[in-house]
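A short write-up of the structure that comes next.
Throughout, protein chains are lettered first and strands after them, A, B, ... in sequence-line order, and every chain is numbered starting at 1.
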Amino acid sequence: MAAAVRKFIEKNGVGMAVFMTLAVTFWIMVLIVLPQLTMVDFSFRFKLPPDAIGGPQDQWTTTNYEYFIKGNPGNSDGWNRVDVTVFTRTLIAAFFVTVFNFIVCYPIAYYMAKVATGGWARMLALSLVVPYWINEILRAFAFRIIFGDAGLINTMLKTLGLITDSIDFIRADIALYAGLGYAYILLMIFPLYSAIESLDRNQVEAARDMGSPWWRIHWRIVMPFAKPGITAGCTMVFMLSAGALAAPQILGGPSSLWFTQIIYQGFFEYFNWQRGAAYAIILLGSCMIIVLSLTKLFGGKMGEIGR
Amino acid sequence: MKSGVGVELEHLWIRFGDFVAVRDASVKIEEGEFFSFLGPSGCGKTTILRTVSGFQDPSEGRVLIGGRDMAGTGPNKRPTALIFQNLALFPLMKVWENIAFSLEVRGVSKAGRRKRADELLDLIALPDQGDKLVDELSGGQRQRVAVARALAAEPQVLLLDEPLSALDLKLRQHMRTELRAIQQRVGLTFIYITHDQGEALTMSDHVAVMREGVIEQVGDGKEIYDDPATSFVASFVGENNAFSGRVTSLNGSHAVVDTEVGALRARIATAARGTLQQDDNAMVFIRPESLDVAADGAAGDHTLSARVVNEEFEGQSYHVFMEAGDGGSPIKMSLTNRGQAHISSIGGALTLAYDPDQAVALPQGALSDQE
Ligand SMILES: Nc1ncnc2c1ncn2[C@@H]1O[C@H](COP(=O)(O)OP(=O)(O)OP(=O)(O)O)[C@@H](O)[C@H]1O
Ligand SMILES: [Mg+2]
């Protein structure tokens, strides 16, 4: 240990070593550990008027977590039907958004990495990035317009004679899923792209030479090779979809809530930060458990994500 | 196991944009033979192999395998198996899964695949290594796995793209013998690519020597070595001393060429008979092992004089490095060590003699730029 420290200092010089140590400590403590700890601390406390904070009433409690399950005491269902339903639906929807996103992005990433060449490939990458120069909220509004009653899609379907009455994409949550899918497309494509990019083209050709049809080449050669990229992309898209706020606010149907909206309400409408914090931690924890167990299921190691 | 079929290239041209990678290549490869393409880097060897296996379409000309025109037949439908220059084994599969991949494609049951893989592992002398990952094998073992994987596909033609180039000399020599033995055991047609002439000569029934997309000569090892068709072949295959000059006289199968070391007589290469004329620019090639120290007083058109620059003693032979005149062409002579005393002193002049039947006269042409 001491030897490792000495080596680190020798290699980088004293000034640099001290600076790096401080920077990394600051990053980990102030930007990662402290906020999370504060949230955890918050979630285990009562909602108190300011002058009672630090007083005898200010004690640890699991009320906020119990509330998520049970709801208000004496409610008619005996459990917190609204919050738990929204929570489950959010996770399931985020899961399908992720799967759908992967299905769309995998061919694009493969095409960019292995088929397109030179200027055309750069054009393609650029055309994927450019829409993200626009703010997330504005993009969501653009989707609202496109999917609206008199929007581009309804107009097109009507002109083609496929429908006579407008489809309410917003109420059916189609606009929401499309918006969420689109919002994180880059986070799926780039890990996939960089993983597939490093695959030796000869491997694909060798499989083809041995008579393999294209789907088996992808299933047996390309996808296993790109697994770290797939894991990284799916994890990010799932986490961010489940935790998205802007898209559900703007594109969500009037009757459907996203769990983040309930968290948001906890903080800013009921000013119950303690409950908001507990809900946020429930969401984070569940997402992590889901991601970890899925990664385990598909035989990957979390360490590979960083590759 | 199926037996080999012949492969024919008919006036094959392959272009990449304006660049011509293969120029009017025609060659007939017999069934069951070990055929090599030999040539320096970038001469179009891999391109030819990719065309035979179907990854590259010819710009002009035809590829026939077993007499059938292969136009429009994809790589997965051809009776060929390609062993890539970098082997391209699947790193995430176990060794036996690699070998059995083509059986998996054909829908063979897992037990059947495992059985066949084990048989092939025996063939390549790697029994009980099937459950390893490819990365856990040595270079030579990986090479053999690549051969087994290709054989599992039951091809009629096995295409090998410099598979030994990454190995060290010792392993290479071992693998050469092994490959040749496998080929003779299974009776397939092997098309082998290499830029190593020793490899081509030791293993092949026939060799095609290529230069810049052109096949310069096709023949067995002895023909290529003893009777080169072009000056490039003469200088690329084996070591050769080259002297250029002008033809001063022709008589039957021999020519006399006036060079910087005087008149040299040489046998006209078969390919140049009838085309090499009086006054043509020509080259005489004499192998280091064909040169000898001349007897006292010898003179004439089968001798030359040179100045000794250096001498290397290698145990079984001496190599004497000389130059023609002051700063002239380098000349190398190799003498078998029969216990004789050192014959030269550095800086001294020496008269060399050779048998004109073992020297070759060819029209002037490009030389190989390899040392
Ligand atoms: N897809 C391609 N596009 C453009 N040029 C190519 C392509 N493939 C090969 N070439 C060119 O064709 C020539 C022959 O290439 P090839 O790979 O056949 O050489 P090679 O004889 O196998 O060389 P090496 O011994 O180095 O492997 C080279 O000059 C190469 O740059
Ligand atoms: Mg090559």
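- Pairing each heavy atom of B/Asn76 with each of A/Arg208, the nearest pair is CB-O, 3.0 Å.
- For A/Arg201, no part sits under 4.5 Å from any heavy atom of chain B, backbone or side chain.
- Heavy-atom neighbours of A/Met20 CE from other residues, nucleotides or ligands within 6.0 Å: above the threshold of 12.
- A pairwise comparison of heavy atoms in B/Ala88 and A/Ala206 identifies O-CB, 4.1 Å as the closest pair.
- Within 6.0 Å of the CZ atom in A/Phe19, the count of heavy atoms belonging to other residues, nucleotides or ligands does not exceed 12.
- Proximity to chain A (any heavy atom under 4.5 Å) is restricted, for B/Leu89, to the backbone atoms N, CA, C and O.
- Contact count against chain A (heavy-atom pairs under 4.5 Å) is highest for B/Glu104 among B/Arg149, B/Lys77, B/Glu104.
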If you apply the rule side-chain contact (heavy atoms from CB on, under 4.5 Å), what do you find for A/Met210 with B/Arg106, and how did you get there? CA-CA 10 Å; A/Met210 282 179 279; B/Arg106 273 183 270 150; over 6 Å; no

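- Annotation for A/Phe96: atom CZ does not count as buried by contact number, only 12 or fewer foreign heavy atoms lying within 6.0 Å.
- Between the A/Glu205 side chain and the B/Phe55 main chain, no donor and acceptor come within less than 3.5 Å of each other.
- When all heavy atoms of A/Gly211 and B/Val105 are compared, the pair lying nearest together is O-CG1, 3.2 Å.
- Judged by distance alone, the side chain of A/Asp209 and the main-chain N or O of B/Leu82 form a donor-acceptor pair under 3.5 Å.
- When all heavy atoms are compared, the tightest approach of B/Phe84 to A/Asn202 is CD2-CG, 3.4 Å.
- Heavy atoms from other residues, nucleotides or ligands lying under 6.0 Å from CG of B/Asp131 number more than 12.
- The number of heavy-atom neighbours closer than 6.0 Å to CZ of A/Arg122, taken from other residues, nucleotides and ligands shown, is 12 or below.
- One finds the CE atom of A/Met223 at 14.0 Å from the CG atom of B/Leu92 (value rounded to the nearest 0.5 Å).
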